[in-house]
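Side-chain atoms are counted along with the backbone in the values below, which use heavy atoms only and exclude waters and symmetry mates.
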Amino acid sequence: MTYLPFEIIGADRPSRWLVTCDHASNCVPPFVNGGSLGLAQGDMERHIAYDVGAAGVARALAKQLDAPAILSNFSRLVIDPNRGEDDPTLLMQLYDGTVIPGNRNTDAAEREQRLDACYRPYHDGIDRLASRRDDTVILSIHSYTPQLAGRPPRPWHIGILHATDDRLARPLMRRLRNEPDLCIGENQPYGGHLPGDAIDMHAIAHGRLNVLVEFRNDLIDDEAHQHLWANRIAPILQAALSDADQPVLT
């Protein structure tokens, strides 16, 4: 069976939204150490290998927004598509206290193979979808673990990440903070975008409206909750985009 490094859903959907999911899968392709990174299956099911629940939310949101979606089909531990090619964490050797045996002795040739087989095709796919119209809005869906090893619990239900371009993030945060039962983090549990990351590459470099939404993964760990959150967030995203499109009065 031919390995495909990404999946596109609804390529012909007309919305200006483009939903991306960089860490959708925990798949290790067969050409990478015979399909194993040397980790136990339990570790491959954890947040270190992929964003738990994010793929289901991305699919459901794309349907709600009538938008195309692109989802990676390789573990972030194989190679991280949300890092620039020159980022030292592109191939992680240690993550949240877990050593990644299959990455300990990767050489330049192995790194280049993973770039050519996984990373670059995925980004080429985003390029093609983002270029289908001039007013594309990129919505990047991620999830995070409620608590890293030895660290305090993370209280946020949703984190909104942005760099200097916060044209969409600001109205989205305002609307989410009007939801009385939600704890919203700005650039939490991580800081804003890294130079060369997926948003930088496909949105900021092209002046496209964008936002990265992080869901706490215990809230979206089954299909029912993935749909529940997508149904709740989709109209808020649409309203925030309408806000962002309004001219600034001076």
Side-chain angles (χ1 to χ4, degrees), residues 1-27 29-30 50-76 78-83 85 114-143 161 165 167-168 172 193 196-215 220 223 226-242 244-245:
M1 189 173 181
T2 302
Y3 169 74
L4 298 174
F6 61 87
E7 177 186 6
I8 292 176
I9 301 162
D12 296 329
R13 290 174 181 166
S15 171
R16 63 186 290 202
W17 291 98
L18 168 58
V19 180
T20 66
C21 192
D22 300 328
H23 301 146
S25 173
N26 59 0
C27 171
Y50 75 124
D51 281 0
V52 177
V57 175
R59 294 172 188 274
L61 268 173
K63 183 175 181 181
Q64 287 289 326
L65 298 170
D66 202 16
I70 180 167
L71 293 79
S72 70
N73 188 32
F74 51 93
S75 171
R76 67 192 302 169
V78 170
I79 194 162
D80 194 332
N82 196 33
R83 298 291 185 270
E85 289 195 19
R114 297 187 196 184
L115 283 167
D116 282 342
C118 300
Y119 181 103
R120 289 169 180 150
Y122 172 69
H123 285 291
D124 288 344
I126 297 178
D127 274 338
R128 290 193 298 272
L129 288 172
S131 299
R132 78 198 192 287
R133 51 186 297 168
D134 293 334
D135 59 351
T136 294
V137 180
I138 294 183
L139 169 62
S140 183
I141 299 299
H142 290 252
S143 74
L161 274 58
D165 180 3
R167 292 173 293 166
L168 179 55
L172 179 57
H193 305 304
D197 70 5
I199 288 288
D200 189 31
M201 194 184 311
H202 299 291
I204 295 172
H206 302 274
R208 294 176 177 131
L209 287 172
N210 66 89
V211 69
L212 190 154
V213 181
E214 291 262 8
F215 293 87
I220 56 168
E223 186 176 358
Q226 291 158 14
H227 282 274
L228 184 152
W229 280 98
N231 292 343
R232 180 174 183 178
I233 297 300
I236 298 175
L237 284 162
Q238 294 282 41
L241 179 57
S242 179
D245 282 337

Enquirer: State, yes or no, whether a side-chain contact exists between Ile204 and Asn210 at a heavy-atom distance under 4.5 Å.
Expert: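 In short, these two side chains touch, coming nearer than 4.5 Å.
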
Enquirer: Who passes salt bridge (Lys or Arg N to Asp or Glu O under 4.0 Å) against Glu85, sequence neighbours left out?
Expert: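 With sequence neighbours excluded, Glu85 shows a salt bridge (Lys or Arg N to Asp or Glu O under 4.0 Å) to Arg120, given in chain and number order.
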
Enquirer: Taking CD in Gln238 as the centre, count heavy atoms belonging to other residues, nucleotides or ligands within less than 6.0 Å. Is the count above 12?
Expert: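 Atom CD in Gln238 is packed in, count exceeds 12.
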
Enquirer: Give me the one residue out of Ile70, Thr136, Asp124 that meets side chain to side chain contact (heavy atoms under 4.5 Å, CB included) with Leu129.
Expert: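 Per the side chain to side chain contact (heavy atoms under 4.5 Å, CB included) rule, the option paired with Leu129 is Ile70, out of Ile70, Thr136, Asp124.
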
Enquirer: Is Asn73 close to Ser25 at the side-chain level, that is, under 4.5 Å between some pair of heavy atoms?
Expert: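 Yes, close enough: below the 4.5 Å cut-off.
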
Enquirer: Please determine whether side-chain contact (heavy atoms from CB on, under 4.5 Å) holds for the pair Phe215 and Ile141, giving the CA-CA distance in whole Å, both sets of side-chain angles, and the decisive distance to 0.1 Å.
Expert: CA-CA 8 Å; Phe215 293 87; Ile141 299 299; 4.2 Å; yes

Enquirer: With a 3.5 Å distance limit and no angle check, can you tell me whether Arg114 reaches the backbone of Val78 through a side-chain donor-acceptor pair?
Expert: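 Present.
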
Enquirer: Enter the distance from Tyr50:OH to Cys21:SG here, rounded to the nearest 0.5 Å.
Expert: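 Going from OH on Tyr50 over to SG on Cys21, the span is 11.0 Å.
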
Enquirer: Could you measure the distance from the CD1 atom of Ile199 to the CG atom of Leu161? Nearest 0.5 Å is fine.
Expert: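 If I round to the nearest 0.5 Å, the distance is 9.5 Å.
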
Enquirer: Tell me, please, which residues at least two apart from Asp127 pass side-chain hydrogen bond (donor to acceptor under 3.5 Å, both in side chains).
Expert: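 If we apply the side-chain hydrogen bond (donor to acceptor under 3.5 Å, both in side chains) test to Asp127, skipping adjacent residues, the hits are His202.
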
Enquirer: Could you walk me through whether Thr20 and Leu18 pass side-chain contact (heavy atoms from CB on, under 4.5 Å), step by step?
Expert: CA-CA 6 Å; Thr20 66; Leu18 168 58; 4.2 Å; yes

Enquirer: Using side-chain hydrogen bond (donor to acceptor under 3.5 Å, both in side chains) as the criterion, list what pairs up with Arg232, not counting sequence neighbours.
Expert: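 Scan of Arg232 (side-chain hydrogen bond (donor to acceptor under 3.5 Å, both in side chains), adjacent residues dropped) gives Glu179, Asp181.
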
Enquirer: Whether Arg59 and Glu7 form a salt bridge (side-chain N of Lys/Arg under 4.0 Å from carboxylate O of Asp/Glu) is what I want to check.
Expert: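 Answer for the salt bridge query: yes.
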
Enquirer: Can you measure from CG (Leu65) to CG (Leu139) and round to the nearest 0.5 angstrom?
Expert: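 One gets 7.0 Å once the value is rounded to the nearest 0.5 Å.
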
Enquirer: What is the minimum heavy-atom distance between Pro68 and Ala11, and which atoms define it?
Expert: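 Pro68 and Ala11 have their closest heavy atoms at CB-CA, 4.2 Å.
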
Enquirer: Side-chain contact, heavy-atom cut-off 4.5 Å: Asp66 with Pro14?
Expert: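 When only atoms from C-beta onward are counted, Pro14 and Asp66 do touch, with a gap below 4.5 Å.
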
Enquirer: Please check: side-chain N/O of Ser131 versus main-chain N/O of Arg128, any donor-acceptor pairing under 3.5 Å?
Expert: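 Answer holds: no.
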
Enquirer: Does Asp135, at its CG atom, have more than 12 non-hydrogen atoms belonging to other residues, nucleotides or ligands within less than 6.0 Å?
Expert: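 Check passes, neighbour count above 12.
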
Enquirer: Drop me the distance from Ile233's CD1 to Gln64's CD, to the nearest 0.5 angstrom.
Expert: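 So the CD1 of Ile233 and the CD of Gln64 are separated by 11.5 Å.
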
Enquirer: Between the side chain of Arg13 and the main-chain N/O of Gly10, is any donor-acceptor distance below 3.5 Å?
Expert: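 No; zero donor-acceptor contacts below 3.5 Å.
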
Enquirer: Which distance, rounded to the nearest 0.5 Å, do you find between the CD1 of Ile138 and the CH2 of Trp17?
Expert: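 It comes to 11.0 Å.
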
Enquirer: Heavy atoms, side chains only, cut-off 4.5 Å: are Ile126 and Met201 in contact?
Expert: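 The answer is no; the side chains never approach within 4.5 Å.
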
Enquirer: Does Ser72 reach the main-chain N or O of Asp22 with its side chain, forming a donor-acceptor pair under 3.5 Å?
Expert: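 At least one qualifying donor-acceptor pair exists.
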
Enquirer: Test Asn82 against His23 for side-chain contact (heavy atoms from CB on, under 4.5 Å), laying out the working first.
Expert: CA-CA 8 Å; Asn82 196 33; His23 301 146; 3.8 Å; yes

Enquirer: Between Ser75 (side chain) and Cys27 (backbone), is there a donor-acceptor pair under 3.5 Å?
Expert: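 Answer holds: no.
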
Enquirer: Taking Asp134 first and then Arg208, would you say they form a salt bridge - that is, a charged N and a carboxylate O separated by under 4.0 Å?
Expert: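 Salt bridge absent between Asp134 and Arg208.
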
Enquirer: Do His142 and Val213 have side chains that approach each other closer than 4.5 Å (heavy atoms only, starting at C-beta)?
Expert: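 Result no, sub-4.5 Å side-chain heavy-atom pair not found.
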
Enquirer: Does Ala54 offer a backbone N or O that forms a donor-acceptor pair with the side chain of Asp51 under 3.5 Å?
Expert: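 Checking the backbone N and O of Ala54 against the side chain of Asp51, no donor-acceptor pair under 3.5 Å is found.
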
Enquirer: Are any of the side-chain heavy atoms of Leu209 and Asp245 separated by less than 4.5 Å?
Expert: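 With C-beta onward as the side chain, the pair touches.
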
Enquirer: Step by step, would you call Phe6 with Phe74 a side-chain contact (heavy atoms from CB on, under 4.5 Å)?
Expert: CA-CA 8 Å; Phe6 61 87; Phe74 51 93; 5.9 Å; no

Enquirer: Donor-acceptor pair, distance only, cut-off 3.5 Å: does the side chain of Tyr3 make one with the backbone of Ala117?
Expert: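 Not a single qualifying donor-acceptor pair exists.
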
Enquirer: To the nearest 0.5 Å, what is the distance between CD (Gln226) and CG (Asn231)?
Expert: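 Atom-to-atom, Gln226:CD and Asn231:CG are 11.5 Å apart.
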
